[in-house]
Protein chains: 2
Amino acid sequence: MATIDDVAKAAGVSTSTVSYVLSGKRPISAPTRARVERAIEKLGYRPHAGARALASSRTNVIALMAPLRVGVNVPVIMQFVTGVVTRARDFDHDVLLLTQDDVSGLDRVTGGSMVDALVMMDIEADDPRVPLVAAAKQPTVLIGLPQDPEGLSCVDLDFEAAGRVAVRHLATSGHTDVALIGSPPEVLQRHTSYAERLMRGLRNQAKTSGVTVKVEACDSSPSGAATAVDTLLATAPDITGIIVHNEGALPHVLSRLAERGRVVGTDMSVVAVCPTDVALSQRIPMTSIDLPAEDIGKVAVDMVMTRLEGEHPSETRLLAPVLTERESSAHGPAAVVD
Amino acid sequence: MATIDDVAKAAGVSTSTVSYVLSGKRPISAPTRARVERAIEKLGYRPHAGARALASSRTNVIALMAPLRVGVNVPVIMQFVTGVVTRARDFDHDVLLLTQDDVSGLDRVTGGSMVDALVMMDIEADDPRVPLVAAAKQPTVLIGLPQDPEGLSCVDLDFEAAGRVAVRHLATSGHTDVALIGSPPEVLQRHTSYAERLMRGLRNQAKTSGVTVKVEACDSSPSGAATAVDTLLATAPDITGIIVHNEGALPHVLSRLAERGRVVGTDMSVVAVCPTDVALSQRIPMTSIDLPAEDIGKVAVDMVMTRLEGEHPSETRLLAPVLTERESSAHGPAAVVD
DNA sequence: TAGCGTTGTTGAAACGCTTCGACGATTCCG
DNA sequence: CGGAATCGTCGAAGCGTTTCAACAACGCTA
């Protein structure tokens, strides 16, 4: 492999000049620049990442810690990852992928200066990783909201607002008894904050709008979904609106409702909280509050980069929920029909 | 951050001794080792990855190029990724994630010596990336089979054998007319080799077993699946066995069959080619040929590591298909019932 | 015309690690 | 008991960049 010295020699300039051509940190005259660039081209020169990292203390790599266990949210996770990776490339950075359970990896990549910054997904209310990365010298952005961010930046969908929007949508179209089919029990037990935030919004708005709301945890399996639907139908037969916040269970919930003779979009309104493409690939197009996973990933990277260049303070950004009406929701019993 | 020199000073030894303690490349006496380790511990020392890479020309990072576009195989891709990442950790390596379309990334990470080796997924028959990585100094393992591997190692499920196994299973249980519901048309147009290999096996075995086989491409959407099923039922009404090789379409195919009054597992046998967890999360447990995505990812890493340590020749490994009978397949019309 | 600020370029000192050759101290063998 | 092989440790030379201080050449201003 050609080195920067080879390039310098070929272009008839000093090593540092080549470096400055590459980095743009000092003015270089047009002819010199041209000679250097031609030499680079001719030799097929690529700066050695390790040498660069050593000299500049910058790796141009960010770490992304993602929950890779197979399970529930796979497509959603994928979208986060896609957002992070593509946006990172816009900033000329690459992404080192860490698995959620590789907690020691945090130490490894930060302590070993393998990365310039971190993005961590799927943050729990009391996440043990937060203090770890808070102590690192690299800036970190959390996707999700821990109880105590310890000075780290956070980004997420505003689930509390999403809960409110969902209930308000159902309430204003005449539903008086609604339910939430939510995350699997283990997610709730982990105190993943988004589930709790959604419920808070839900309940507050229910009070405000004067509707009842019943909450049912739900396993993502077909049988889990069936159980949840059956329980709901049995214990709260007056329900005419369901909010589903569980991508995995969504198709099975719809199947079960059909099996139980409920026509979604007619005598049962369903609002999903999920990515748009998931909402659209159900048996009927779902009214949904978009979970803009890819965007959130991109915003996370934007925030990381901001912190990387200058001493900006940490911030928390909650993206406003957007509800799109499609065919799965309709007027409820109390609707004023004109 | 503490450096190796700090550790050496604290332990009262030379720098190189510390290095040898860390790498184990030279014998170190027990007491010396102990002193060094204590110093490392006390100072919280972590070797600087860049410096290490520079001096040793080893990064302990491998690149993984994965198709991150949202779409069909998301869960499968995820399993590949999981397999690669976890197995890489077993070898003390981290994973740099590249997106499929970031072709220039190949040059960047190889030329810049950011990684020791590459793993590339979703290889097409005539993949433009293959010559690129074949020219790189880092070893590469392909997940999938290009027409010309150009000296690279490959690993994949033996789809040709899978085709044979699937047909043989149906044939021996008395089915005489079977069909394949396969990948989306765009996948076929890309000449993704697995689709073609599956079909080859299918057709050969059909000839051998004396059964007819009809092939239908299939979009992964609900409507795509419905169309495929309808076409099949219309143009080949005698079919009693279907092989589905399309994770995304599978649930919709089953739904449509149900809507069309076919009882899967009774008057229609269905064999899926997909990961086991997908087979199990359908409306009924599917007879399936496992697509062991995570295993394939692990094997890919094993092969990478083999090539990294010594001059082993390149190899191609095709994993033998395993068919597991569950509730979606049964005896066909020609079965000899005793 | 002396002095000054620009502009463009250079040389050399880091950056933190690995590894090779060397060397004193032991142990081994005949 | 002398020489050879082995063991454990060290010093120093890289690895390929970035970046800082310095400086030559130039046009300006006063």
Side-chain angles (χ1 to χ4, degrees), chain A residues 1-37 39-40 43-61 92 108-116 137 309, chain B residues 1-37 39-40 43-61 92 108-116 137 309:
Chain A
M1 246 338 20
T3 73
I4 197 173
D5 286 320
D6 300 332
V7 174
K9 212 158 294 172
V13 300
S14 74
T15 313
S16 41
T17 300
V18 177
S19 178
Y20 287 126
V21 166
L22 252 26
S23 70
K25 293 194 177 175
R26 294 255 173 118
I28 299 288
S29 69
T32 306
R33 173 191 313 286
R35 285 213 315 288
V36 170
E37 279 166 351
I40 289 178
L43 299 178
Y45 165 72
R46 302 269 164 215
H48 187 286
R52 185 172 267 201
L54 180 56
S56 67
S57 326
R58 280 288 233 125
T59 62
N60 274 37
V61 174
D92 195 32
R108 179 159 31 87
V109 301
T110 56
S113 300
M114 298 182 72
V115 302
D116 296 337
K137 59 179 181 301
E309 52 199 24
Chain B
M1 245 342 13
T3 73
I4 197 174
D5 285 320
D6 299 333
V7 174
K9 213 158 292 170
V13 300
S14 75
T15 313
S16 44
T17 299
V18 177
S19 178
Y20 287 126
V21 166
L22 253 27
S23 70
K25 294 195 178 176
R26 292 237 177 137
I28 299 289
S29 69
T32 307
R33 174 190 312 285
R35 286 214 314 286
V36 169
E37 279 166 353
I40 290 178
L43 299 178
Y45 165 72
R46 302 269 165 215
H48 186 285
R52 184 171 268 200
L54 180 56
S56 68
S57 330
R58 280 290 232 121
T59 63
N60 273 37
V61 173
D92 195 31
R108 180 159 31 88
V109 301
T110 56
S113 300
M114 298 182 72
V115 302
D116 296 337
K137 59 178 181 301
E309 52 198 25

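Here is the naming used below: chain letters follow the sequence lines, and residue numbers restart at 1 for every chain. As the structure is a computational prediction, the values presented were derived from the model and not from experiment.
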Below 3.5 Å between N/O atoms, which protein atoms pair up with nucleotides 14-18 of chain D? Just atom names and distances, please.
from: dT17(D); atom 1: OP1; to: Y45(A); atom 2: OH; distance (Å): 3.0
from: dT17(D); atom 1: OP1; to: H48(A); atom 2: N; distance (Å): 3.2
from: dT17(D); atom 1: OP2; to: I4(A); atom 2: N; distance (Å): 2.6
from: dT17(D); atom 1: O5'; to: Y45(A); atom 2: OH; distance (Å): 3.0
from: dT18(D); atom 1: OP1; to: R52(A); atom 2: NE; distance (Å): 3.1
from: dT18(D); atom 1: OP1; to: R52(A); atom 2: NH2; distance (Å): 3.4
from: dT18(D); atom 1: OP2; to: S19(A); atom 2: OG; distance (Å): 2.7

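- A distance-only check finds a donor-acceptor pair linking the side chain of D116(B) to the backbone of T59(B) [under 3.5 Å].
- Scanning atom types as modelled, one donor and one acceptor separated by under 3.5 angstrom connect the side chain of R26(B) and the base of dT9(D).
- For dG8(D), its base never sits under 3.5 Å from the side chain of R35(B) at any donor and acceptor pair.
- Minimum heavy-atom separation, R52(B) to P47(B): NH2-CG, 3.2 Å.
- The backbone N or O of L43(A) sits nowhere less than 3.5 Å from a side-chain atom of D6(A) that would complete a donor-acceptor pair.
- Counting to the nearest Å, the P atom of dC17(C) and the CG atom of N60(B) are 15 Å from each other.
- Computed from coordinates, the R33(B) CZ to dG8(D) C1' distance equals 11 Å when rounded to whole Å.
- Closest approach of V61(A) and M114(A) over heavy atoms only: CB-O, 3.8 Å.
- There is a side-chain donor-acceptor pair under 3.5 Å between S29(A) and T32(A).
- The phosphate of dC10(D) has OP1 or OP2 within less than 4.0 Å of a side-chain N or O from T17(B).
- With R35(A) as reference, V13(A) is the one residue of T17(A), V18(A), I40(A), V13(A) to meet the side-chain contact (heavy atoms from CB on, under 4.5 Å) rule.
- In this structure, the nucleotide among dC20(D), dG11(D), dG8(D) sitting nearest to the side chain of T32(B) is dG8(D).
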